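Please read all numbers here as calculations on a predicted model, not as lab measurements. Lettering follows sequence order; numbering is per chain, from 1.
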Amino acid sequence: MMIKGKVWKFGDNISTDLIAPGRYFHLRNDLQKLAMHVLEDAMEDFSKKVKKGDLIVAGKNFGLGSSREHAPRIIKLAGVSCIIAESFARIFYRNAINIGLPLVELKETDGIEQGDELSVDLENGTIKNITKNEVYEFEPIPNFMMQILKEGGITNYIKKYGDFPEVSE
Amino acid sequence: MGKTMTEKIFSEHVGRDVKAGDMVISKIDVAMVQDGTGPLMIEEFKKMGFKDVNVKRALLVIDHASPSPRKELSNSQKLMREFARSTSAYLHDIGEGICHQILVEKYVKPGDIVVGADSHTCTSGALGAFATGMGSTDVAIAFGLGKIWFKVPETIKVIIEGELMVGVYPKDVILEIMRILGSDGATYKAIEFVGECVESMGQDDRFTLSNMAVEAGAKTGLIPTDETTKKFLESSGRGSDFRKIFPDPDASYEKVVKVNASRLEPMVSVPHQVDNVKPVSELEKENIKIDQIFIGTCTNGRLNDLTTALKILEKNGKSPNVRLIVSPASKNILNRALKEGIIEKFVELGAVIIPPGCGPCVGIHQGVLGDNEKVLSTQNRNFKGRMGNPNAEIFLASPATAAAAAVTGKITDPRRFL
Ligand code: SF4
């Protein structure tokens, strides 16, 4: 899977409270509306600025906090095609893969700036920074998760196959 | 090679020896959703084509917006009630309490694997269960297939030595551990809390430790079971569920962290990060005025928390300049507090009692803060916007420190009042 897009840059510790604030709890059944508030406490008007296919690049521990799956869902709904961060909180990581939002763990994101254009190759574990003409490498996404992403998420996968992909050790 | 508690529990469940790092698909004993995550779980459950739940102890708890403050949420809750009626899942409706408290009072047994669509599902780890939070879709799979995939985590062993000084509580210990580990210090890991200080703690206090494991990114926070666990289970009529779960002496750990409880003083987590922890003596000098105090939540809303706070307040009275909100974590706790006259005393002191549930913790209703206001809460999270207003500041502390702030109207060392 290849992903290409422009970067929106965030810092460390972007919590699910910042992504999907509790004060919009009543919009959880209307994700389109909730998505209009995605990350607004971290970046003003993010939902208006972000374009389809754009990428989020962040620091450490992205998605920490509550297990609300609405957080990755509204990021995806807002048009974001992939999140690249130095590390992810565990529940967020699972949730994102489950809903078919690719995540990349990249050791060092300091070199990437807002507005840079990237092209991400999930299977081979490479990111090309087209703006800066640089290449970064990351640990490719495990096959188990790649299969889920290819079906557009685990719900589709289970609906189709009735069970999980095979786990390889 | 010996096994950690996590490795033991997974090995039992999958029927072969597993070790940290293995990918496994394991059977689930208990699965849970609350009203914030339940409606999405139901949607995905239906999309996957499931008809009934495939896990014996499956529960839906309405605790986050309870009772509902607006029609959109009422409709989601209706969906949960309908789901429970049409499947073999159990429903715990408004007023019954916080999902994690209900889990430990009624459902979780030592050695279980528990998944809940709520990050603080790790609370049940204090009963020697591998209990972890997941998203709605994962829990929908657990409801439907009765199994889920895991990567068996490495374990960080946290040894808590010594004895707590008067005025210092398990909440202070776990805040200190958060300071040491940092908000991502245990990401993808399990924590085992051991040591003489843990052994001497009552079961209620142990839940406070396990509850906050996720604030360091941990999957769960396990505590070996013992006589205390047994007594707790017996007190809720589940004595026969008791079994010993403990790590092997030669188990292998990713890391060992030692904390000396004897030297600890009361701690406070300062906005907007849980691991931003400072001793109360230092903050006291800054003269930090508090507008609202909240005593409750799955972290510190149990009977001993209420009695600790009450003792300080009874002797010293509440400042007229603070609003005090108290919420027992479950109906069972509320009932006991009523019988013991605790609720009456809180009311006389000027506290507002709200029904068992999450209350103001997650910013949906009941006690949302005004701009630039400061709250001191016994909860587990102080992220910006957490309690409904990104322009407010949240401090986290023990029930005793919360009570001391209710007396003076500012952050105060509770040891002054003991
Ligand atoms: S009390 Fe707070 S932390 Fe606990 S389950 Fe409720 S919202 Fe979550």
- What do the steps show when you test B:R386 against A:D41 for salt bridge (charged side-chain N to carboxylate O under 4.0 Å, His left out), and what is the final call? CA-CA 11 Å; B:R386 171 75 186 179; A:D41 290 340; over 6 Å; no
- Query: How far apart are the C-alpha atoms of B:K384 and A:E40, what are their side-chain angles, what is the distance that settles it, and do they pass the salt bridge (charged side-chain N to carboxylate O under 4.0 Å, His left out) test?
  - Reply: CA-CA 12 Å; B:K384 193 171 169 188; A:E40 70 178 23; over 6 Å; no
- Full working for side chain to side chain contact (heavy atoms under 4.5 Å, CB included) between A:F88 and B:T187: CA-CA 8 Å; A:F88 291 93; B:T187 304; over 6 Å; no
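Looking at B:D118 and A:S67, their side chains never bring a donor and an acceptor atom within 3.5 Å of each other. Side-chain contact of B:T132 with A:R90: a donor-acceptor pair under 3.5 Å is present, judged by distance alone. Under 3.5 Å, the side chains of A:N29 and B:N75 contain no donor-acceptor pair of N or O atoms.
Using a 4.5 Å cut-off on side-chain heavy atoms (C-beta onward), A:N13 and B:Q273 make contact. Using a 4.5 Å cut-off on side-chain heavy atoms (C-beta onward), B:L40 and A:R28 make no contact. Between A:R68 and B:V362, the closest side-chain pair of non-hydrogen atoms falls below 4.5 Å. Counting heavy atoms from C-beta outward, B:W149 and A:R94 have side chains that approach closer than 4.5 Å. Side-chain contact between A:I158 and B:L145 is present, with at least one heavy-atom pair separated by less than 4.5 Å. Residues A:R73 and B:T137 form a side-chain contact, since some pair of their non-hydrogen atoms from C-beta on lies under 4.5 Å apart.
Shown here for A:S87 and B:D184, the closest heavy-atom pair between the two residues is OG-OD2, 4.4 Å. In terms of heavy-atom proximity, B:K47 sits nearest to A:K159 at O-CD, 2.9 Å. For B:I25 against A:P165, the heavy-atom pair with the smallest separation is CD1-O, 4.4 Å. Closest non-hydrogen pair, A:F164 versus B:K147, comes out as CZ-O, 3.8 Å.
The most heavy-atom pairs under 4.5 Å with chain A, out of B:S68, B:G133, B:P69, B:A117, come from B:G133. For the set B:E72, B:M387, B:K151, B:M134, the entry with the most heavy-atom pairs within less than 4.5 Å of chain A is B:M134. Interface remark: of the candidates B:G116, B:S76, B:P39, B:S183, B:S183 forms the most heavy-atom pairs closer than 4.5 Å to chain A. Taking chain A as the reference chain and counting heavy-atom pairs below 4.5 Å, the highest number among B:D138, B:T37, B:N389 is found for B:D138. In terms of heavy-atom pairs under 4.5 angstrom with chain A, the leader among B:G363, B:G385, B:S136 is B:S136.
Between B:H64 and A:F25, the two ring planes are parallel [angle under 30°; tilted spans 30° to 60°].
For A:S66, the parts lying near chain B are the backbone and the side chain together; criterion is any non-hydrogen pair under 4.5 Å.
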